[in-house]
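The structure displayed is predicted, hence computed values, not measured ones.
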Amino acid sequence: MAKIGRNIREQRMKKGLSQEELAERLYVTRQTISNYETGRSNPDVEMLTRLAEALDTDIQLLIYGETKKRDMKQIRTAVVSLAVILLLYVIFQKIAGYEEMAVRTRFEMPGISLFMKFTGYPVLFLWAGSAATSLIMALTGGKVPFSARKSLVHKAVFVPFAGSLLFMAPFSISYVVIKVQYWTDLLLYPEKNSHSHGFTFGPLLNQIYLEMQDFISEYSSGIYMLCFAAGCILWLTKPEKKKTRRPWGGADHSNLLS
C-alpha cells in the first residue's frame, strides 16, 4: 500500500498541487493527504475514486503506478555491446591458449594474453557491467538509486579505476610491442633465432609493475568482478545529457528577415 501513497504523491506533484490544495478538493484535512502519501493510512475504494477524479487521472494509475515503455534503442545497443564483449572474450581466450602452448613448446614470451590480463580484461568487464546494467534498466524500467550525490559517486569510482588502468597501460602495452617485434623479426629474418627482451621502466617502476603483475595474476577473478561492479555503478551514476538549446530560445524568427 506504500506504493499507492507514492503514486498519489507523484500524480499530485505532476498536477502542481500542494497537499492543502488537494485536500480542499476532497474536503479533507492536509494531514489526511499526508497520511495517504506516507503510508500511515490507506484510502478506501471510494476515496481512491475521488482522488483519481481530483487528480484527473485513472484509478488504476494510483494503484499500480505508471508503466514505463521499454527503450528499444537502449536494449539493442546493450545487446550488441554484450555480444561484441563475448566475441572479444572468446577470441582472446583462444589467443591465450595459443600463446600458452607456444610458451611450453617454443619458449616464446606471451604478449597479447598478458596485455589482456592487465588492461584488456578489466576494460572488457567494466564495459560488460555497464552494458548489462543498461539492458536490465531498459527491460525493467527501473529507477536509478543514486540521485543526491550521483556526480560524487561517479567520480569516486571512475578516478581510481581510470588511474589504475592508465598506470598499467605502458607495462601491458610493452608486452604487445615485444610480441610484434618478435613476429617482425621472424618474418624478416627467419634464419635468425629471435629472443624477446622486456622493456625497462627504471628500477622503482619495474619493481612496482612486477608486484602489481603478481597481485593481478593471483586475484584476477576478484579484480574482474570488481571491474564489472564498477561498470554497473558508472552506468547508474553517469551524467545526464544536456539538452542543446536553439538560438533565440528555439522560437521561429523568420519574420524578422521579411
Worksheet item: Side chains of L152 and T237: does their closest heavy-atom pair fall under 4.5 Å?
Response: no

Worksheet entry | A131 to S81 - nearest heavy-atom pair and separation | CB-CB, 3.9 Å

Worksheet item: Where does the angle between the aromatic ring planes of Y224 and F125 fall among parallel (under 30°), tilted (30 to 60°) and perpendicular (over 60°)?
Response: parallel

Worksheet item: Below 4.5 Å, heavy atoms only, C-beta onward: do K14 and L55 meet side chain to side chain?
Response: no

Worksheet item: Mind checking whether I208 and Y219 sit in one hydrophobic cluster, side chains of I, L, V, M, F, W, Y counted as touching below 4.5 Å?
Response: yes

Worksheet item: What do you reckon, is CE of M13 surrounded by more than 12 foreign heavy atoms closer than 6.0 Å?
Response: no

Practice prompt. Flag yes if V80 and I91 sit in one hydrophobic cluster, no otherwise; membership is Ile, Leu, Val, Met, Phe, Trp, Tyr, and two members link when side-chain heavy atoms are under 4.5 Å apart.
Written response: yes

Worksheet item: Checking Q11 side chain against L62 main chain: does a donor-acceptor pair fall under 3.5 Å?
Response: no

Practice prompt. Can you label the angle between the F158 ring and the H154 ring as parallel, tilted or perpendicular, going by 30° and 60°?
Written response: parallel

Item to complete: May I ask you to check whether F171 and Y175 place their ring centres under 6.0 Å from each other?
Response: yes

Worksheet item: According to a 4.5 Å side-chain heavy-atom criterion applied to Ile, Leu, Val, Met, Phe, Trp and Tyr, with indirect links allowed, do L88 and M225 form part of one hydrophobic cluster?
Response: yes

Response to the item:
What one should report as the nearest heavy-atom pair of M47 and V28 is CE-CG1, 4.0 Å

Discussion item. Do M72 and L135 land in one hydrophobic cluster if side-chain heavy atoms of ILVMFWY residues count as linked below 4.5 Å?
Written reply: yes

Discussion item. Can you confirm whether R6 sits close enough to R9 that some side-chain heavy atom of one is under 4.5 Å from a side-chain heavy atom of the other?
Written reply: no

Discussion item. Please identify which of these residues, L166, V123, L226, meets the side chain to side chain contact (heavy atoms under 4.5 Å, CB included) condition with F161.
Written reply: L226

Discussion item. Can you tell me how far apart CG (L82) and OG1 (T77) are? Round to the nearest 0.5 Å.
Written reply: 11.0 Å

Worksheet item: Which atom names give the shortest non-hydrogen contact between I63 and N7, and what distance separates them?
Response: O-ND2, 3.5 Å

Discussion item. Are F92 and V84 connected into the same hydrophobic cluster when the rule is that any two of I, L, V, M, F, W, Y join if their side-chain heavy atoms are below 4.5 Å apart?
Written reply: yes

Fill in: For the student: nearest non-hydrogen atoms of P43 and I8, plus distance
CG-CD1, 4.2 Å

Worksheet item: Of the options E24, E21, E20, which is the one that meets R30 in a side chain to side chain contact (heavy atoms under 4.5 Å, CB included)?
Response: E20

Worksheet entry | Inter-residue atom distance S130.OG - I233.CD1, 0.5 Å rounding | 12.0 Å

Worksheet item: Judged by modelled atom types alone, do T32 and T29 share a side-chain donor-acceptor pair under 3.5 Å?
Response: yes

Worksheet item: Side chains of L114 and E99: does their closest heavy-atom pair fall under 4.5 Å?
Response: no

Worksheet entry | Contact check, side chains of M168 and Y209, non-hydrogen atoms, under 4.5 Å | yes

Worksheet item: For R40, what residues pass the side chain to side chain contact (heavy atoms under 4.5 Å, CB included) criterion, not counting sequence neighbours?
Response: Q31, S34, N35, T38

Fill in: Residues I216, I223; criterion side-chain contact (heavy atoms from CB on, under 4.5 Å); working and verdict
CA-CA 7 Å; I216 293 171; I223 291 170; 4.0 Å; yes

Worksheet, complete the sentence: In terms of heavy-atom contacts, F118 and L165 come closest through O-CD2, 4.5 Å

Practice prompt. Could you tell me the separation between the CG atom of L124 and the CZ atom of F228, rounded to the nearest 0.5 Å?
Written response: 12.0 Å

Worksheet item: Which distance, rounded to the nearest 0.5 Å, do you find between the CD of E10 and the CZ of R12?
Response: 11.0 Å

Worksheet item: Is the shortest heavy-atom distance from the side chain of L17 to the side chain of R25 under 4.5 Å?
Response: yes

Worksheet item: Taking everything shown except F167 itself, do over 12 heavy atoms lie less than 6.0 Å from its CZ?
Response: yes

Worksheet item: Can you check whether V45's main-chain N or O pairs, donor with acceptor, with T49's side chain at less than 3.5 Å?
Response: yes

Worksheet, complete the sentence: A138 and I75 have their tightest heavy-atom pair at CB-CG1, 3.5 Å

Response to the item:
Rounded to the nearest 0.5 angstrom, the CD1-CG distance for I33 and L22 is 4.0 Å

Worksheet entry | Sequence neighbours excluded, every pair satisfying side chain to side chain donor-acceptor pair (under 3.5 Å) that has a member inside residues 114-125 | Q93-Y121, T119-S172

